[in-house]
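Any value given below was found using the heavy atoms of this structure, including those in side chains, with hydrogens, waters and symmetry copies removed. Counting convention: from 1, in listed order, for ligands and their atoms alike.
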Amino acid sequence: MFGTTTGSRRLTLALATVTALALGATACGGTTKDDAAEESGSAAAGKADPQAETKKGLTVAFLPKQVNNPYFTTADKGGEKALRDLGSEYKEVGTSSGTDTAGQVSYVNTLTQQQVDAMAVSAQDPGALCTALKQAMRNGVSVVTYDSDTNKDCRQVFVSPASAEDLGRTQVELLAEQIGGKGEIAILSAAQTATNQNTWIDVMKEELKKPAHKDIKLVKVAYGDDDAQKSFQQTQGLLQEYPDLKGIISPTTVGIKAAAQYLSGSKYKGKVKLTGLGTPNDMRAYVKNGTVEQFELWEPAKLGALAARTAVALESGQITGKEGETFAAGDLGTMTIGADGVISPGEPTVFDEANVDEYDF
Ligand code: RAM
């Protein structure tokens, strides 16, 4: 299956190169406006051709940060559906630990050997996957990161859940309001190397420097590694170490759920505030029992769908990952690649008692 798809793909690429070289030769004979336009659309020049037909029969592999994490199950199902709609194939591989970076590297290498057409990767670490991902790209595999990025030269496009600035700032704002603008707070993160969480935490620290938050003190960043038990214990540890703690931000669906579980069974329920990024299905019970007032998240299925559609657009030559390129992303509309090859499917939603029942993910 892989052999057939990829074999015909290599042939197509070779033909495209020959055609493009021929086009180049024509253009040299006297460039007209039309020739120039044709030239800029040529695959050999590494330029995007927005008019290129969407390829079918591609195999796109998803490599989430962690399989068996409901957030990624929903995201990747969104990718699977988009690929089915586009006439391409989906597969998913990955580690069950959110800190098994070596495992992620070996999955990238295996996918490259299997000659998948494209891969969508949520990276546990910004740099650790780079050698393997660059090797994949040299072998003609299109590489998209989604959810959690690598260094930007190790992928073509990063499908970001939402603006990192917005996510970092709004989580601080949500907690600041709940604790009345003052007191000690902590962050319960995922893996210490996680690119996405670290990006948001940097923004949170900047936000906390603003005069409006001068009475809030960040006392600790703890790491639960997207492991439910470890996140639970870390929450317990935070409360022991900082008995005056007023609130916790947990920018991870695994962390916020475990923290809510701990708080709801403790004397701190409703007193120590908790917000961050969670799924409505995980958090509903804790909103209803008064442990959590508000939290936020984007739609994971949309993120996965956009990652899939971006991978297919890259493979089809409609985009190359450069700023300003556009492509049609089904019901997500027309997407424009932003600075550093980043695109995003939209804004997150804030959930509370009033709306949490309206969502099912
Ligand atoms: C966890 C993972 C993921 C993150 C979400 C919010 O499931 O750490 O990378 O985006 O939380």
For atom 9 (O) of ligand 1, the protein heavy atom that lies nearest, with its residue and separation: Asp147 OD2, 2.6 Å
Which segment of Gln197 sits under 4.0 Å of ligand 1 when only heavy atoms are counted: side chain
Flag side-chain contact, heavy atom, 4.5 Å: Leu208 against Ile185: yes
Proximal ligand 1 atoms for Asn69, defined as those under 4.0 Å from one of its heavy atoms: 1 (C), 7 (O)
Tyr146/Phe158 aromatic ring centres below 6.0 Å: no
The one among Thr252, Asp226, Asn196 that brings a heavy atom closest to atom 8 (O) of ligand 1: Asp226
Selected option - heavy-atom contact closest to atom 5 (C) of ligand 1, from Thr195, Thr74, Thr253: Thr253
Exercise: do Asn281 and Asp360 side chains pair donor with acceptor under 3.5 Å: yes
Ile179 reachable from Leu174 in the ILVMFWY side-chain graph, under 4.5 Å edges: no
Gln171 side chain to Thr275 side chain, donor-acceptor N/O pair below 3.5 angstrom: no
Sub-4.0 Å heavy-atom approach of Tyr146 to ligand 1: no
Neighbour count >12 (heavy atoms, 6.0 Å) for atom NZ, Lys257: no
Nitrogen or oxygen of Lys65 less than 3.5 angstrom from that of ligand 1: yes
